[in-house]
2 protein chains.
Amino acid sequence: MATANIKEVARHAGVSLGTVSNVLNRPDMVAPATRQRVLDAITTLGYVRNDSARQLRAGHSRTVAIVVLDVANPFFTDVVRGAEQVIEEAGAMLVVCNSGEDSARERRHLELLEEQRVRGVLITPVDHGPQPNLDKLIDRGIPVVLVDRGTGRVNRCSVAVDDVLGGRLAMDHLLDQGHHRIAYLGGPLSIAQVADRHAGAAAALEERGGDAELRVAVTTSLTVAAGRRAAEELLTLPARQRPTAVFCANDLIALGVLQELTARGLRVPADVAIVGYDDIEFADAAAVPLSSVRQPRDQLGRTAAQMLLEEAESRDTHRHRHVVFQPELVVRRSSDQPRRTRR
Amino acid sequence: MATANIKEVARHAGVSLGTVSNVLNRPDMVAPATRQRVLDAITTLGYVRNDSARQLRAGHSRTVAIVVLDVANPFFTDVVRGAEQVIEEAGAMLVVCNSGEDSARERRHLELLEEQRVRGVLITPVDHGPQPNLDKLIDRGIPVVLVDRGTGRVNRCSVAVDDVLGGRLAMDHLLDQGHHRIAYLGGPLSIAQVADRHAGAAAALEERGGDAELRVAVTTSLTVAAGRRAAEELLTLPARQRPTAVFCANDLIALGVLQELTARGLRVPADVAIVGYDDIEFADAAAVPLSSVRQPRDQLGRTAAQMLLEEAESRDTHRHRHVVFQPELVVRRSSDQPRRTRR
DNA sequence: TATAGCGGCTAAAACGTTTCATCTAGCCGA
DNA sequence: TCGGCTAGATGAAACGTTTTAGCCGCTATA
């Protein structure tokens, strides 16, 4: 059964085509009796609006896209949930595209989205350099908001979380607890987040002066296994040189460290304190609940979506903004034990 | 700058409008020289196809939707990745919608998707009962494939994984290892998966005869915390009645059990063996790597997508199918130790 | 030499909306 | 009685494609 169109509805209700459209879009412009007749016709015919035609007329669609690096990554899933909320409240629709860290796929997605004349694009781009694809979108008048990447570009909005501050928070906490020998575990340093978190930690240490030292162990990846290996390394040190606290670039590494240390008979936090990063769901559920730096992920998504909608509404008066959120340290058992200052 | 349309391209290239369309859609129908002229015009004008117009003409879009219960759930993210792969290979686009287990949102999504005349819908419906929304879609000629839900409806395809078999596999394994006192932990039983996995385990036990016994402990949720509580309960039993193996309805529970047992000084698997379900990423990374029943999640997505595309291609000749996949037991350390039969 | 066939192209119709300029009928005030 | 006004409804144009019927000029065939 071919779907009924607006013309059939009009005929069925004995009105003109324009009237049906008015019922749909500006219901109070049409007399109640007529309106009811039209609505009846709509239900009896099972009429459903044709969005293509609507979009064609309008010149743009009512969907917003978000292009993420990995749909399965909890960071992005939370961002998506936040964005979704805002977009849906605005009566629009959010479509999620997955670039899978593949710039060819990213480009393909952007092309399709452009063909669809989407209202705007939230994106964490695969590449860090110049982004001709995104510039093209913007030239076409499609607003783009960068998520967690390269704040500061002049022709688009962005949202991000301050990783340097995150590093600071973790380090300040460990220093407050009285630790003097501290390690930073994470890598590769080519990942901006890893480098920033380290920079923050180092800066905090610097500022506090004192005699505390920060040992850096670069891992090859941000996985549980890498964390275990790093912990093994630490254990080769003589006890008196061994760090009494480790700050990990993410929670997976931290969990690996936790596992390896307890397996080798060390107590957390009594012998070694641990602070992770990301506050993933498992941080709280670990054998020893893990202290971690939490990023306001869904707020990231919400804000990005709001900025996008705002730009889409008022392109001319819009001024691009770059919002940086502050992370927050969640202290749990893994680092919650002040260290007797013995020296 | 308003986007150029096909007519401008035609004028610019000195050909008719239809020729441009042919260059776009059936390039080899047009003489090489002309084709090149058109292509040049396209690039110099920065022409981008307008998908709305295309869809309007075609009567349907080239996008397929997947509606999941939770974008952040690893099960669904893997299904999405599988589906994505197939859909993209077919030159279409997959949009991910999140119902968040809220049937109102689900309905809203389906309405929008219907307005968009999507090519088809993959969905794990929120409600188990009759599904008038889906029936409506199908009446309209939009193919629907059920994912991991209510196989056997006659007017749509479905894919699922055999949870009963999964329960069997786990139980057979534990019996093979020589266990006689076994516990099943999970709940609430109102969740079909939880009930099915138990049913499978019970059936396996039944068939094997023997004197082994299965103790069932119903938990209130499928979380790490629930697993810990369940383990605590088990520990109140006198050692001689305590199960020597537990099969958990999912990995979160299993991880909770593992944590609690080791915290209380029991060894896994020597004192108690554990088998989980789902084979989440953390199963392999746990303190004691966790045996688990793995579901072919991305294959679920791939197959569902294939069935959908097939149905969309040939609606008339299409026969609905219900594919049930078999799960697979991944044995790791947590259950990898035959038990000396001492009785 | 007439004709059929064919490659290459054109012109026009159609898809289903929204919008906008008009039209009509009814009412009020002059 | 007439002109002006308004609420309500109309009809046509426009959005940008794809598709289809048909045209033109050429070559191969009878």
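In what follows, chains are A, B, ... by sequence order, proteins preceding strands, each numbered from 1.
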K.L.:
Taking atom P of C:dT17 as reference, at what distance in whole Å does atom CG of A:Leu56 sit?
P.N.:
12 Å
K.L.:
Which nucleotide span of DNA chain D, 5' end to 3' end, has atoms closer than 4.0 Å to non-hydrogen atoms of chain A?
P.N.:
D:dG8 to D:dG16
K.L.:
Roughly, in whole Å, what's the span from CZ in B:Arg57 to C1' in C:dA14?
P.N.:
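Between C1' of C:dA14 and CZ of B:Arg57: 5 Å.
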K.L.:
Scan residues 10-17 of chain B against DNA chain D and write down, sorted by residue number, each residue with any heavy atom closer than 4.0 Å; if none is found, say none.
P.N.:
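DNA chain D contact set from residues 10-17 of chain B: B:Leu17.
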K.L.:
Has A:Asn25 got a side-chain N or O lying under 4.0 Å from the OP1 or OP2 atom of C:dT18?
P.N.:
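Looking at the OP1 and OP2 atoms of C:dT18, one of them is under 4.0 Å from a side-chain N or O of A:Asn25.
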K.L.:
When all nucleic acid strands are considered with a 4.0 Å heavy-atom cut-off, which category describes B:Thr34: base, sugar-phosphate, or nothing?
P.N.:
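It contacts sugar-phosphate atoms only.
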K.L.:
Which one, C:dA13, C:dT17, C:dC9, comes nearest to the side chain of B:Thr19?
P.N.:
C:dC9
K.L.:
Do side-chain atoms of B:Asp298 reach the backbone of B:Gly301 as a donor and acceptor pair under 3.5 angstrom?
P.N.:
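Such a contact is absent between B:Asp298 side chain and B:Gly301 backbone.
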K.L.:
Between A:Gln131 and A:Arg156, is there a side-chain donor-acceptor contact under 3.5 Å, judged purely by atom types and distance?
P.N.:
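Yes, because at least one side-chain N or O of A:Arg156 sits under 3.5 Å from a partner of the opposite role on A:Gln131.
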K.L.:
To the nearest angstrom, how far is B:Asn22 atom CG from C:dG8 atom P?
P.N.:
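Taking atom P of C:dG8 as the reference, CG of B:Asn22 is at 11 Å.
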K.L.:
Will you find, in the side chains of A:His60 and A:Arg119, an N or O donor that is under 3.5 Å from an N or O acceptor?
P.N.:
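Yes, a side-chain donor-acceptor pair sits under 3.5 Å.
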K.L.:
Quiz question: by atom type and distance under 3.5 Å, do the side chains of B:Asn25 and B:Ser21 form a donor-acceptor pair?
P.N.:
yes
K.L.:
Any Lys/Arg nitrogen of A:Glu311 or A:Arg321 sitting under 4.0 Å from an Asp/Glu carboxylate oxygen of the other?
P.N.:
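Salt bridge: no.
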K.L.:
At what angle, to 10 degrees, do the two end axes of the helix from C:dT1-D:dA30 to C:dA30-D:dT1 meet, given five pairs define each axis?
P.N.:
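Inter-axis angle at the termini of the helix from C:dT1-D:dA30 to C:dA30-D:dT1: 60°.
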K.L.:
Determine whether B:Asp51 and B:Arg62 satisfy the following criterion, salt bridge (charged side-chain N to carboxylate O under 4.0 Å, His left out), listing intermediate values before the conclusion.
P.N.:
CA-CA 9 Å; B:Asp51 206 47; B:Arg62 275 156 40 259; 3.0 Å; yes
K.L.:
Would you please test B:Asp135 and B:Asn155 for side-chain hydrogen bond (donor to acceptor under 3.5 Å, both in side chains) and show each step?
P.N.:
CA-CA 8 Å; B:Asp135 288 329; B:Asn155 63 346; 3.1 Å; yes
K.L.:
B:Asn133 and B:Glu111: side-chain donor and acceptor closer than 3.5 Å?
P.N.:
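No, no side-chain donor-acceptor contact under 3.5 Å.
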K.L.:
Between C:dT19 atom P and A:Gln55 atom CD, what is the distance in whole Å?
P.N.:
14 Å
K.L.:
Would you please indicate if the ring centroids of B:His318 and B:His320 are separated by under 6.0 Å?
P.N.:
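Close enough - the centres of the two rings lie under 6.0 Å apart.
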K.L.:
For A:Asn98 and A:Asp70, what are the C-alpha separation, side-chain angles and deciding distance, and is it a side-chain hydrogen bond (donor to acceptor under 3.5 Å, both in side chains)?
P.N.:
CA-CA 6 Å; A:Asn98 187 23; A:Asp70 179 9; 4.9 Å; no
K.L.:
Between A:Arg26 (CZ) and C:dT18 (P), how many Å, whole number?
P.N.:
9 Å
K.L.:
With a 3.5 Å cut-off and no angle check, do the side chains of A:Ser52 and B:Gln55 form a donor-acceptor pair?
P.N.:
yes
K.L.:
Closest nucleotide of DNA chain C for B:Arg35 versus for A:Ala58: which of these residues is on the 5' side?
P.N.:
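Residue closer to the 5' terminus by nearest nucleotide: B:Arg35.
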